[in-house]
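Working notes for the structure below.
Chain naming here is simple, since letters A, B, ... match the order of the sequence lines and numbering starts at 1 in each.
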Amino acid sequence: MSVLTSLMRARAVRRGRALPVATVRHLHLSPRPLVFVPLRLAGEAAAPLGAMVGADPADPRLLVVPQPRNRELRFAFMAELAEVVLTYLDGFGAEPAGGERFADAPQILVPNPKGIAFIRLLGRSTRFRRPDGPYPVPPSVPRLGTWLTFLAERGEHAGSSLLVALTQALGAHWATGQSAVEDGNLAAQLGWIDPPPGLTGPEAADAAEDPLRTPPAGPDTDPGFDRLVLERSIAAYDESGSPGQVRAALRTQLEPTWASMWQAVELLRRLPDAGSVAGRWERDRTAFTREYRRLAEGGAPQGRRDGAVGAAHRLARLEAAQQEFAAQCAFDDPLAMVEHLLSGKAFRGTVVEVDAARRIVPPGGKRASCRPLVVVEAADPVLIPPGKTVRSPRRPRQRAEILRIEGNRVTLQLLDGMGRAAVPEPGSVPEHGQSVCYADLDLGGGRRPPLPALEETPWTHGGPPAEYVPTDDDALEAWS
Amino acid sequence: MSRLDPVRGSAEPVEHNARTIAALAVNPGCDRRAVLDAAGVDKRKTARHLGRSGAFGRSPFAQSRENSFADLVKADGAAHLLRLLRERFGLSLSEVAYVDVSDAGADRRAEVRHARTRTELARAAEGRETTGTLFDNPMLKLDVAGYEVYLEPRVIAFQVRGRFHVVEIKSFPIVDDQADAAQVSAAARQSAVYVHAMRCVFADLGLDPGRVSHEVLLVCPKDFANHPTAALIDVRPQLSVLRRQLARLKRIDHILDGLPAGFTLDLRPDAAGTPTRPAAELRTALTTVEARYAPECLDSCEMAFFCRDEARAADRVEALGRSVREELGGLESVAAVLALADGTASPTDDQQEIAARLRHVQLLYAEAVA
Ligand code: SF4
């Protein structure tokens, strides 16, 4: 939580309405996302109870497991879900082989982070199943499990948009007048951001907290609903064999969230894309394309767990993604930059002197190159030490080195991004009187963390991991 | 009669169990909760009477899953559990004995069963056998604010080489050696209650309480099957929080001393148990005891909606979360935050820094959204 968001939460309290904390949208939003609202049976690890899923707000598909303790019915549910999800995924992968990545990729939206955790568990519990052997399942079930696992893992990368929890997406763009705990309730959060006519934010949030008026967005159901409605509906199914009552009951629990999901999509859609969104989405597309082709060639499901080095690589990757994402957001959005201005990792100011024609022979170089000098009178205290390279949101590709800081005067030497000619290209050097902002933030760019490659895993960490080969045991694992 | 009886009024005190005692430790700084819990007031009924009850309660499905898994673990003379213990502590098949403490004859009263638990534990503690003993259905006792609370764990104590371990059975899964962090820490808080209660029994018997290990054996289903697996968890942090809170409840007199004469949270239930006390009167009584609301209360205390209303009405920053309050320099009211950010109030000496920061943020915000 940043000071900015905290202050805006306080303002939202007074205003009775949420306030924006971003000027642009930092995630990609597909024109045709697949909304997925799963429910599970309380007390069970990965027993699906039902779901509402679909890419058309007007046409949700309701899937239910009328007796969630029945294993056959659970796999039948997974097969039905596979039909919807795999058809959706295949819609993006049906391109002829060739290019590095497909033109577009899928995007799955769930209400909250618990929904993502549940997707991970569903993936884990189904990806090792087999269409043959003692407990055969339809071939689509392990394929779905593999995809859900892929999506859940990809979803951990900051800035990835293949699988998104909408409470988090909204929370990154609006500050409500309630706490982060309460923002975990999608309907309450929406109440603050976009209350229905005639209600204030807190009034709408209050209504959203009453499970009778607004059922929870899952995957956990309201205990009162379980006690008063669901238990009886499942018993009715056990007696009659007709799933009608369970269907009707779950529909009442899912429909309000379905509507909230699309309301959230609409709100996010109104924000313009941030500058780096397309680049990050391109990487999502690449990741999707690779996985799609891997599976099309008969690739195995992901193994059970990363080994020590695998896990370290993964953590390092996630951290790098996190840093890079934070930096890109700051360069795309002045509101995201605020935090760095406050911490001294960035400064703003006015250009008071420019020597655009300066050419020197850089250390270790042979020929003279353009190294314009720019002096900025900083409006904020500058805590970045001289010698560091910084960048400006206006010219993110250009590196500038801090040579000296005297009082609030910062002398910068531009290092690149001025074209190849003997004089800098027009517009590539800040002008006298211009307001500028420079930040010491790592925009990434593919540097790998200094870790041994997987094949070089030291023996202290178990030696190189064996590649995962699906086993019969995995396929027969009980799911009771 | 305890000073707390009139606070509760005519109703029977609510029964504590490990779950409710563990919940005491979640907001240790709250006087209101300390008084409610020490007096054994029914918080859920109180909140309902005030029209501010939340979605508390457990799903029957969760309950029955928990029971059926515990039954499985303890079936056939705890066969599964014996297997896990042998694996974990490297014992051979013949080295684990099983004692069912509830086999005390016809008398099922808590005191009787507690006495038998003591005898069995004492016998095991004095013996120096190298074999393990498993105690099923023990009855422990704990002093909560001067009340004796009996705890009947579904949990089992295990003694091996003179050391005792609490065994806690939970029905959330350990998938590929990993479990949900929130559920593990809730289990750790509850287990700490048993460890503490067992240490009290030891101290009472003149034995070294340190022989009850802070390592608890957590038994959970493995992956997605019904097959039990086990992991050792260290509950030292939970133990120290719990001890502090229990000590605080003992000093409840300090809080009571500050309350007006005749103070009571009595709901004045009629013959059918329906509260008859005017809600407004009850509300006034409650608000005389200071609360310390934070959003974490929403998951741990039945009074949360009531206290949140109060915190919001008082414009308290804390209602937005502790981290928000920290970011905002510890300022207490939303009004104070906004006045400093807008420059409509002049900061006191120790508010200079946060005031400058807030004005800076406000300025940057205005520029960015302009
Ligand atoms: S909800 Fe109220 S009574 Fe309960 S712990 Fe929080 S502040 Fe105290």
**Asked** When heavy-atom pairs shorter than 4.5 Å are enumerated against chain B, which of A/D333, A/T176, A/T23, A/L342 gives the highest number?
**Response** A/L342
**Request:** Examine whether an atom of B/Y365 lies under 4.5 Å from a heavy atom of chain A, and if so say whether it belongs to the side chain, the backbone or both; otherwise answer neither.
**Result:** both
**Prompt:** Is it true that B/R52 and B/E310 have a side-chain N and a carboxylate O under 4.0 angstrom from each other?
**Reply:** no
**Complete:** Answer key: most heavy-atom pairs under 4.5 Å with chain A among B/R308, B/R325, B/E66 is B/R308
**Asked** When heavy-atom pairs shorter than 4.5 Å are enumerated against chain B, which of A/D380, A/L7, A/V338, A/V181 gives the highest number?
**Response** A/L7
**Message:** Please give me the minimum heavy-atom distance between A/L39 and A/F118, naming the atom from each residue.
**Reply:** O-CE2, 4.0 Å
**Prompt:** With only heavy atoms counted, which part of A/E182 is less than 4.5 Å from chain B, the side chain, the backbone, both or neither?
**Reply:** side chain
**Message:** Quick check: closest heavy atoms across B/A311 and B/Y293, and the distance to 0.1 Å?
**Reply:** CB-CD2, 3.9 Å
**Asked** Are B/D176 and A/R124 close enough that some pair of their side-chain heavy atoms sits under 4.5 Å apart?
**Response** yes
**Request:** Please report the closest heavy-atom contact between A/P113 and A/T167, naming both atoms and the distance.
**Result:** CD-OG1, 3.5 Å
**Prompt:** Which heavy atom of B/A179 sits nearest a heavy atom of B/P173, and at what distance?
**Reply:** CB-O, 3.7 Å
**Message:** Please classify the contact of B/E367 with chain A as side chain, backbone, both or neither, using a heavy-atom distance under 4.5 Å.
**Reply:** side chain
**Request:** Sort A/M8 into side chain, backbone, both or neither according to what part of it lies under 4.5 angstrom from a heavy atom of chain B.
**Result:** side chain
**Message:** Would you say that more than 12 heavy atoms from the other residues, nucleotides or ligands in this model lie under 6.0 Å from the CZ of B/R292, or not?
**Reply:** no
**Prompt:** Is it the case that A/R40 places NZ or CZ above or below the six-membered ring of B/F61, under 6.0 angstrom from the centre and within 45 degrees of the axis?
**Reply:** no
**Prompt:** With a 4.5 angstrom heavy-atom cut-off, which part of B/R312 approaches chain A: side chain, backbone, both or neither?
**Reply:** side chain
**Prompt:** Is it the case that more than 12 heavy atoms not belonging to A/K114 sit under 6.0 Å from its NZ atom?
**Reply:** no
**Item:** Proximal component of A/D206, with respect to chain B [non-hydrogen, under 4.5 Å]
**Value:** side chain
**Request:** Tell me, for B/A335 versus chain A, whether the close heavy atoms (under 4.5 Å) come from the side chain, the backbone, both or neither.
**Result:** both
**Request:** Measure distances from B/R322 to the heavy atoms of chain A and classify the residue's part below 4.5 Å as side chain, backbone, both or neither.
**Result:** neither
**Request:** For chain A, find which of B/V369, B/D342, B/V337 contributes the most heavy-atom pairs closer than 4.5 angstrom.
**Result:** B/D342
**Request:** Answer with side chain, backbone, both or neither: which region of B/V334 has an atom nearer than 4.5 Å to a non-hydrogen atom of chain A?
**Result:** both
**Contact origin within A/L212 toward chain B - heavy atom pairs under 4.5 Å** = neither
**Prompt:** What part of B/D180 lies closer than 4.5 angstrom to a heavy atom of chain A: side chain, backbone, both or neither?
**Reply:** neither
**Request:** Among B/Q63, B/H360, B/E296, single out the residue with the greatest number of heavy-atom pairs under 4.5 Å to chain A.
**Result:** B/H360
**Asked** Heavy-atom count around B/Q352 CD within 6.0 Å, excluding the residue itself: above 12?
**Response** yes
**Complete:** When rounded to the nearest 0.5 Å, the distance separating OG of B/S53 from NZ of B/K43 is 14.0 Å
**Request:** Counting only heavy atoms closer than 4.5 Å, note whether A/P20 contacts chain B via side chain, backbone, both or neither.
**Result:** both
